[in-house]
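Lettering of chains follows the sequences in order, A, B, ..., and the numbering in each one begins at 1. Below, all heavy atoms of this structure are taken into account, side chains as well, without hydrogens, waters or symmetry copies.
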Amino acid sequence: MDLSDLSPAQREAVTHGEGPLLMLAGAGSGKTRALTHRVAYLIDSGRARPGEILAITFTNKAAREMATRVDRLLGGASGVWVHTFHAACLRVLRREAEGVGYPSTFAVYDSADQERLMRQVVQESGRSEREWPAAAVLARISRAKAELVGPEAFRRRYGGEFRADGVADLYARYQRALEASAAMDFDDLLRLAVLLFQTRPEVLAAYQERFRYILVDEYQDTNTAQYAWVRLLAGERRNVSVVGDPDQSIYGWRGADFRNILRFREDYPGARVVRLVDNYRSTGRILAAANAVVRHNAERLEKDLVATRGEGVPIGYAEGSDEAEEAALVVGEIARLIGEEGLAPSDIAVLYRTNAQSRPLEEALLRLALPYRLVGAARFYDRAEVKDALAYLRLVVQPRDRVAFVRAAQSPRRGLGEAALARLVAYAQERGGDLVQALAEADAVPGLTAPARRGAAALAEVLAQAARMEAEGRGPVAVLSFLIHESGLAAHLEGQRGVDPLAEGRLENLDSLVGKAREAEGQGISLSADFLAQVALASSLEEAAEGEGAVTLMTLHTAKGLEFPVVFLTGLEDGLFPHVRSLAEPAQVEEERRLMYVGVTRARDRLYLTRARARAGHGQSGTAVASRPSRFLAEIPQDLLAPFGAAAPVLLAPSRPWGGAVARPPTAAPAWTARPVWEGTEGGAFAPGEEVVHPHFGPGTVVAVRGSGPEAVVSVAFPGGGVRHLLVAYAGLRRVGA
DNA sequence: TATAGTGATGTTTTT
DNA sequence: CATCACTATA
């Protein structure tokens, strides 16, 4: 294997033999490369067979990338386990579920499912949902689970503190409800995987024997459960290689503890430590800014990134009077970079602290007809109709899944209301918890109305038939399409066509869902349970199509691990970034600062920093609040900065036929005028049925119009893209042929 | 008692 | 602006 293109430090890490290894790797120092090469090296040198290596990454996307790169280095599919902690634990638990008292068909609850269940639990405990918001309670419970603290331990530890007794009670109830549903939430996947190893020495021994080498990426973001799991699995052999950067620990809020990496040498005495500090990614100025910012953290290992490239150009800085102007400045500069400097849109990323900040940026990009992709917003799997369809499938796989039951029973409406569901659930709980069985025996359930009985019987029949199909091994595609059509879901949506302009798009989404199942089957997934697990762990990040000629918009958190030639960091205001909710705790401000460090170090060649002098408060209308510049700005040496984009105000641009080359803004005399685009819409308002073209979404059909003039909202159906509601004033819609 | 329609209301970051 | 909780109606 060719190791000649590695630095000496990288090579030392890659060729390390037995025993613990700690790679302290700064941003852009080639840690992923080192990790990937190490996996390949272990196999290539005969130290391990592919099946004996477990590599843990932080995201599914990173896992896929690493697997691909390892395979490429080895010249073929290798079969190394490359997974996130959650996926790896899930895979183990699926095989060993009985060991922790679960059926192997256990369901996996995503955060929406967790919230639904918690809301029910709060209600059943007689508490008010206003006083005990499910999300907040779950956040505390999640932290506890990440630290392997159960309900009882929680009460012992925090009892008497503000609301802790209530949370402890809800924790215990929630856990019982999960178990009754034969479901695990994300934290349980880790917690129970640890429990399994702790209580089943023979199981642990088998996995220790199997995984002779363990590699963990982003080790600074591991929580107690993940830490413990690795420790157990590593056993006496201690062949653990971890990579991380304490300065990039940004998940403390979900239980990650960067002290895990600082402690590594104590936990694994004799560990070899390799430091990767040479940065191959960014220009000198960008690194100087990154170093300067993170140096303000008190709790930290001293470590400066060393530049290996030239100084580069100054860091751009600009302020807008409000978020719209800030966005216009950013987008104006983007247009200039593309038009004058020949950069591709995919070279550019715009980062922000909160998802809500994307909107003004999107609007500005749409106005200039610049293509963009928004990473990490709404998940496909979070759409209502998709969740409906999946709820049916979940019930087939796991008839005790209560969240799925409630959802499936009520969509479409079939005479089963709140009261009927409560009775069915109660009936089921008295005899083992099988909710589908309760449906089938609805005639025996007291207190149901006649329509409720009919609805229950019909649903039970469909589910029974689907269960038969599943048992015959017909696969997720067949079972899912059967359910979509026989449950009445498709029929209901078809009936809504013409009434609800969204119905068409929903039907298309159901088709896409079946398509996803088909894809999964193509990857060898033949059980619906496995398909559902894949769905639950899928994040919104992986769905966004890869860079194809579009500017990338995403949060700073999702940008971790990525790099772009040009990066804009927006919303640099105290209270937004650092976020208000971190301001009270110095440790949390330090985490925000690390987030800033992560953001800055995403940039290869050019970095821009922006803020708005005032920003609209939460309510949308009018009330903009003055802001102060982010404290992180002042921490950057001012001689690294230079203003940008001062003079050129970005006006409304005329729309451009979709599909053409990327907008090339005129350099000298602008050919465009400030004329709002709707004035060009000859013949006035749009009407349903008209064919139109949208600069970003492409061709579509108008399905509904509300209001008139520039304020009008047009609903347009795009093939594949569903239905979007567009404000005529901004959408830049053109009639076909106009 | 189920449902459809109408208001209020809310935004940190994610496996 | 979209979900969700609440209310009026059937």
Original post:
Is the A:W229 ring parallel, tilted or perpendicular to the A:F197 ring (thresholds 30°, 60°)?
Top reply: parallel
Original post:
Could you state the CZ-P distance from A:R453 to B:dA2, rounded to the nearest angstrom?
Top reply: 12 Å
**OP:** Check whether any side-chain heavy atom of A:V243 lies under 4.5 Å from a side-chain heavy atom of A:V216, and answer yes or no.
**Re:** no
**OP:** Indicate whether OP1 or OP2 belonging to C:dA5 is found under 4.0 Å from a side-chain N or O atom of A:R119.
**Re:** yes
Original post:
Is the distance between the ring centroids of A:F58 and A:Y251 less than 6.0 Å?
Top reply: yes
Subject >> Whole angstrom value for the distance that separates P of C:dA2 from CG of A:N355 >> reply: 15 Å
Subject >> A:L576 CG - B:dT13 P separation (whole Å) >> reply: 11 Å
**OP:** Look at the side-chain N and O atoms of A:T555 and state whether any lies under 4.0 Å from the OP1 or OP2 oxygen of B:dT14.
**Re:** yes
**OP:** Let me know the distance between CD of A:E418 and P of C:dT7, rounded to the nearest Å.
**Re:** 13 Å
Original post:
Where do A:A225 and A:L190 come nearest, in terms of heavy atoms and distance?
Top reply: CB-CB, 4.0 Å
Original post:
What interatomic distance, in whole Å, is found between P of B:dT11 and the corresponding atom of C:dC6?
Top reply: 16 Å
**OP:** Measure from CG on A:L583 to C1' on B:dT12 and round the result to the nearest Å.
**Re:** 13 Å
Original post:
Base, sugar-phosphate, or nothing: which does A:R254 touch, judged by heavy atoms less than 4.0 Å apart?
Top reply: base
**OP:** Please answer whether B:dT13 and A:W253 are stacked, defined here as ring centres separated by less than 5.5 Å and planes angled under 30°.
**Re:** yes
**OP:** Show the numbers, then the answer: is there a side chain to side chain contact (heavy atoms under 4.5 Å, CB included) between A:L532 and A:L390?
**Re:** CA-CA 8 Å; A:L532 288 171; A:L390 289 172; 3.8 Å; yes
**OP:** Scan A:Y251 against the nucleic acid and name what it touches under 4.0 Å (heavy atoms): base, sugar-phosphate only, or nothing.
**Re:** sugar-phosphate
**OP:** Report which part of the nucleic acid A:A420 touches: base, sugar-phosphate, or nothing (heavy-atom distance under 4.0 Å, all strands).
**Re:** sugar-phosphate
Subject >> Rounded distance (Å) that lies between atom P of B:dA2 and atom CG of A:L416 >> reply: 8 Å
Original post:
When you match A:A419 and A:E591 each to their closest nucleotide on DNA chain B, which lands nearer the 5' end?
Top reply: A:A419
Subject >> Selection from B:dT15, B:dT3, C:dC4 that lies nearest to any side-chain heavy atom of A:F186 >> reply: B:dT15
**OP:** Figure out the CG/P separation between A:D185 and B:dT14, and round it to whole Å.
**Re:** 18 Å
Subject >> Nearest listed nucleotide, side chain of A:H579, among B:dT13, B:dT12, B:dT15 >> reply: B:dT12
Original post:
Whole-Å distance between C:dC4 P and A:Q123 CD?
Top reply: 13 Å
**OP:** Examine the base of B:dT13 for any acceptor or donor lying under 3.5 Å from a partner atom in the side chain of A:R353, and report the outcome as yes or no.
**Re:** yes
Subject >> Of A:R581 and A:G447, the one whose closest DNA chain B nucleotide lies more 5' >> reply: A:G447
Subject >> Lys/Arg N to Asp/Glu carboxylate O, A:D113 vs A:R116, below 4.0 Å >> reply: no
Original post:
Out of B:dT12, B:dT15, C:dC1, which nucleotide sits closest to the side chain of A:T354?
Top reply: B:dT12
